[in-house]
Protein chains: 2
Amino acid sequence: MIRRIPQARERGIPDATVARLPLYLRALNGLAERGTATVSSEDLALAAGVNSAKLRKDLSHLGSYGTRGVGYDVQYLIYQISRELGLTQDWAVAIVGVGNLGRALANYGGFVSRGFRVAGLLDADPAVVGDHIAGLTVEHSDGLEAVIRKRGVSIVVIATPAAAAQQVCDRVIGAGVTSILNFAPVVLTVPDGVDVRKVDLSIELQILAFHEQRKINGGPLMAEDWAGEAG
Amino acid sequence: MIRRIPQARERGIPDATVARLPLYLRALNGLAERGTATVSSEDLALAAGVNSAKLRKDLSHLGSYGTRGVGYDVQYLIYQISRELGLTQDWAVAIVGVGNLGRALANYGGFVSRGFRVAGLLDADPAVVGDHIAGLTVEHSDGLEAVIRKRGVSIVVIATPAAAAQQVCDRVIGAGVTSILNFAPVVLTVPDGVDVRKVDLSIELQILAFHEQRKINGGPLMAEDWAGEAG
DNA sequence: TCGACTTTGTGCAGCGCTTCACAAAGGCAC
DNA sequence: GTGCCTTTGTGAAGCGCTGCACAAAGTCGA
């Protein structure tokens, strides 16, 4: 069978590459702040914490933006990566669930500086509605659909308790949202065409614990001190 | 050249598998709460959001804990995964940086319920020192090394501003810590033998923006409206 | 203008993870 | 006991990502 030869500029950037582009972007912004005009793949890779071959291959998926013998123009590369990620446009984000995490997210500087604008804070708890956080007033989540439609929200952050997450998810999808960032510790069920990314703070700690345990005693305790039925 | 044949119980669990074990654990806990005694790989996979072949292969790396024709004993599997992840022991965690995010983490229920105990909250800002959060008193970060040593802290969460992160990192490593969870938006430099895991809230949003852009107009705007020198 | 030097962009081999498909293994009905 | 049915555990193929190594391409000094 004949397989199609992938075109160079065909819109098919590997997921692994997309996941690293924000890393490069941050490293480049750091360089730009220090007034660096051009940077080699070697130096940029060092700043981003990857190896240089990988960096070059990643960037080659976007196009041929470097100059052999010189490196990459910092400003130009910032622009190209931003454009590829869609950060040259303005994204309206709504945060649902204004607990500790929701507040932290609303105040997080990393959003506004990258093309994201918090366009709404919503919560179901009347005791929280009306609070002023990061320049916004918390609204009741009854108005979720209205907020999404009126303010052109295209990305929703779910920071509610686990029990409420699926319902919120269904409602925002009903209102037309197709990109969701989920902090609640549940697996969300969504129709095709909707992207969900999940961040789970405790999972990361558990992975660390796994490796830490191995450092200490070479693996789980071997004693089968299990008192249940199987054994 | 002759390659070693990997032993079944050899301590070499793929990283991809380790990253999914916490997912299975959560799904299992959900089933246990509902009183389910046994579960098939098909049903558990559904609850965890993966496919069943992957689940079975993952579990097979831990051992042979299922019963053919029946499935897995929920309680027994919870115990085995917990043991493998090292959650049957008690981990003392210190959180450095008590801003919005640090507070959210200190109050996050997902920690305590999984073998993690917040043993210290530290911050460099005198205005924050002395605050009571989640039953603890915030201490000054001058005492970082002392807290780590005295309370047996083995995992440190860095939730400081980017500028302070590397310095905190160096200090905790100096105090003997080899597992770090980093929320600051910088690439930490650490010696061999130290594990760093990174969580970056804005990166996830940027990845979502990338996919959202593609849904809207099939990719980045093609107009090369760049006004810089290269072009 | 030319040659030496630097750095990019990429073909290719290797590796690890995913997925399929099925034989082996255990339970259950009779 | 025996045979059928369900479900696990796993060999093997497929796929995508990584990293090496180098030719191509561009700069810079003389």
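So that the names make sense, note that chain A is the first sequence line, chain B the second, and so on, each numbered from 1. Note that the structure is predicted; figures quoted are calculated from it, not measured.
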Nucleotides 25-30 of chain C: which of its N/O atoms have a protein N/O under 3.5 Å away?
| from | atom 1 | to | atom 2 | distance (Å) |
| --- | --- | --- | --- | --- |
| C:dA25 | O4' | B:Arg68 | NE | 3.4 |

Distances under 3.5 Å only, N/O to N/O: pair up the protein atoms with those of nucleotides 16-20 of chain C.
| from | atom 1 | to | atom 2 | distance (Å) |
| --- | --- | --- | --- | --- |
| C:dT18 | OP1 | B:Arg20 | NH1 | 2.9 |
| C:dT18 | OP2 | B:Arg20 | NH1 | 3.4 |
| C:dT18 | OP2 | B:Arg20 | NH2 | 2.8 |
| C:dT19 | OP2 | B:Asn51 | ND2 | 3.0 |
| C:dT19 | O4 | B:Lys57 | NZ | 3.2 |

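For B:Tyr65 and B:Tyr76, the ring centers sit closer than 6.0 Å to each other.
Between B:His61 atom NE2 and D:dG11 atom P there is a gap of 11 Å when expressed in whole angstrom units. Whole-Å rounding puts the A:Leu55 CG to C:dT8 C1' distance at 11 Å. A:Leu59 places its CG atom 11 Å from the P atom of C:dT10, with the value rounded to the nearest Å. The separation between A:Glu42 atom CD and C:dG9 atom C1' is 15 Å, rounded to whole Å. Atom CG of A:Leu77 is separated from atom C1' of C:dT7 by 15 Å (rounded to the nearest Å). Going from atom CG of A:Asp43 over to atom C1' of C:dT7 covers 11 Å, rounded to whole Å.
Phosphate contact (OP1/OP2 of D:dT7, side-chain N/O of B:Ser41, threshold under 4.0 Å): absent. Taking side-chain N and O atoms only, B:Tyr72 has a distance below 4.0 Å to OP1 or OP2 of D:dG9. Note on A:Ser40: every side-chain N or O is 4.0 Å or more away from OP1 and OP2 of C:dT7.
The closest side-chain donor-acceptor pair between A:Ser179 and A:Asp195, if any, does not fall under 3.5 angstrom. A donor-acceptor contact closer than 3.5 angstrom links the side chains of B:Ser41 and B:Arg56. Side-chain atoms of B:Gln166 and B:Asp170 form a donor-acceptor pair, as typed in the model, at a separation below 3.5 Å. For the residue pair A:Tyr79 / A:Gln75, no side-chain donor-acceptor distance below 3.5 Å is found, with atom types taken as modelled.
In terms of heavy atoms, B:Arg26 sits closest to A:Ser202 at NH2-OG, 4.1 Å. Scanning all heavy atoms of the two residues, the minimum distance from B:Ala184 to B:Thr160 falls at CB-O, 3.6 Å.
Taking the six-membered ring where the residue is Trp, A:Phe111 and A:Tyr108 present perpendicular rings, their angle passing 60° and hence far from 30°.
When each of B:Ile148, B:Thr178, B:Leu181 is paired with B:Val156, the side chain to side chain contact (heavy atoms under 4.5 Å, CB included) condition holds for B:Ile148 and for no other.
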